[in-house]
Student: 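Once you've had a glance at the structure underneath, I'll fire off some questions.
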Amino acid sequence: MAKQTLSLLVDNTAGVLSRISGLFSRRGYNIDSFSAGVTANPKYTRITVVSSGDEDTLEQIEKQLAKLVDVRDIKKLMPGSSVVRELIMVKIRAKDTQRQAVMNVTEIYHGKIVDVTHDSMVIELTGHQEKLDAFIDLLDGYEILELARTGLTGLSRGIDDVKYLD
C-alpha cells in the first residue's frame with residue numbers, strides 16, 4: 001500500500017472542506033492526514049491531504065479532486081522536492097524531579113516546553129513524522145495525558161511550480 005501527499009489550493013468558500021472530505025468518504029478512500037489553513041491571499045485555502053491505497057486508487061483520488069469546482073491547483077508533494085512538517089503537542093505527567101530530564105530530551109529534539117504546572121508539562125514539537133514518533137517513543141517512561149497532532153502540511157520547493165491566482 002502506497003501513500004501520497006497532495007497539496008491543494010482551493011477557493012476559501014463555505015463548505016469547501018466538507019465537499020473535499022465528502023469525496024473521500026463517498027468513494028471509500030482513506031485519509032491518513034488532513035490539514036487546512038488560509039493562504040497569504042484570504043480568497044484561498046491550502047489543504048494538505050495524505051492518503052493511502054494502491055496506485056490506481058491514488059491516481060483516482062487525484063483525478064476526482066481535480067474535477068471539484070473549488071480546487072484551483074493540485075501538487076504531489078514528493079520527498080526531496082518538497083518540505084513537509086507536522087506539529088504535535090504532548091501533555092505528560094511530570095513531577096519536579098522529572099522535569100529536567102524531559103527538558104533535556106525536548107531540547108535535543110528542538111522542541112519547546114509551552115506550559116508547566118505542578119504535575120504536568122506541555123511540549124510542542126515540529127518536524128517529520130519519524131522525528132515526532134521517535135520523540136514520543138522516548139517519553140515511554142512518562143504518562144502521556146493528552147496528545148494532539150496537526151497532520152502533515154507542506155509546500156513544494158522552489159518557485160518553478162508556484163500557481164499565481166488573482
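This structure is a prediction, so every number in the text was calculated from the model and none was measured. Residue numbers start at 1 and run along the sequence shown.
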Student: Give the C-alpha distance, both sets of side-chain angles, the deciding distance and a yes or no for side-chain contact (heavy atoms from CB on, under 4.5 Å) between L6 and I61.
Tutor: CA-CA 10 Å; L6 298 175; I61 290 170; 4.3 Å; yes
Student: Hydrogens and angles aside, do S51 and N30 bring a side-chain donor and acceptor to less than 3.5 Å of each other?
Tutor: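 Judged by distance alone, the side chains do not pair up.
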Student: Sequence neighbours excluded, which residues qualify as side chain to side chain contact (heavy atoms under 4.5 Å, CB included) partners of A2?
Tutor: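 Applying side chain to side chain contact (heavy atoms under 4.5 Å, CB included) to A2 gives E55, L58.
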Student: Is any side-chain heavy atom of S35 less than 4.5 Å from a side-chain heavy atom of I47?
Tutor: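 Result no, sub-4.5 Å side-chain heavy-atom pair not found.
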Student: When you compare the side chain of I144 with that of I136, does any pair of heavy atoms fall below 4.5 Å?
Tutor: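 I136 reaches I144 side chain to side chain.
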Student: Determine whether L8 and Y44 make a side-chain contact, defined as any pair of heavy atoms from C-beta on separated by less than 4.5 Å.
Tutor: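 In short, these two side chains do not touch, never coming nearer than 4.5 Å.
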Student: Could you tell me if the side chain of M89 sits less than 4.5 Å from the side chain of L147, heavy atoms only?
Tutor: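 Sidechains of M89 and L147: no contact.
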Student: List the steps and the verdict of side-chain hydrogen bond (donor to acceptor under 3.5 Å, both in side chains) for T13 and D11.
Tutor: CA-CA 6 Å; T13 57; D11 292 330; 5.7 Å; no
Student: Taking only residues two or more places apart in sequence, or in another chain, which ones meet Q100 in a side chain to side chain contact (heavy atoms under 4.5 Å, CB included)?
Tutor: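 Counting only residues at least two positions away or on another chain, Q100 forms a side chain to side chain contact (heavy atoms under 4.5 Å, CB included) with M103, N104.
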Student: What I want to check is whether the side chains of R46 and S7 have a donor and an acceptor closer together than 3.5 Å.
Tutor: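 A donor-acceptor contact under 3.5 Å links the two side chains.
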Student: Could you check whether any side-chain heavy atom of Y29 comes within less than 4.5 Å of a side-chain heavy atom of Q60, counting everything from C-beta outward?
Tutor: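 A side-chain contact under 4.5 Å exists here.
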Student: Got more than 12 heavy atoms from elsewhere within 6.0 Å of CD, E62?
Tutor: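 Correct, the count exceeds 12.
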Student: Apply side chain to side chain donor-acceptor pair (under 3.5 Å) to D54 and list each qualifying residue two or more places apart in sequence or on a separate chain.
Tutor: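 Counting only residues at least two positions away or on another chain, D54 forms a side chain to side chain donor-acceptor pair (under 3.5 Å) with T57.
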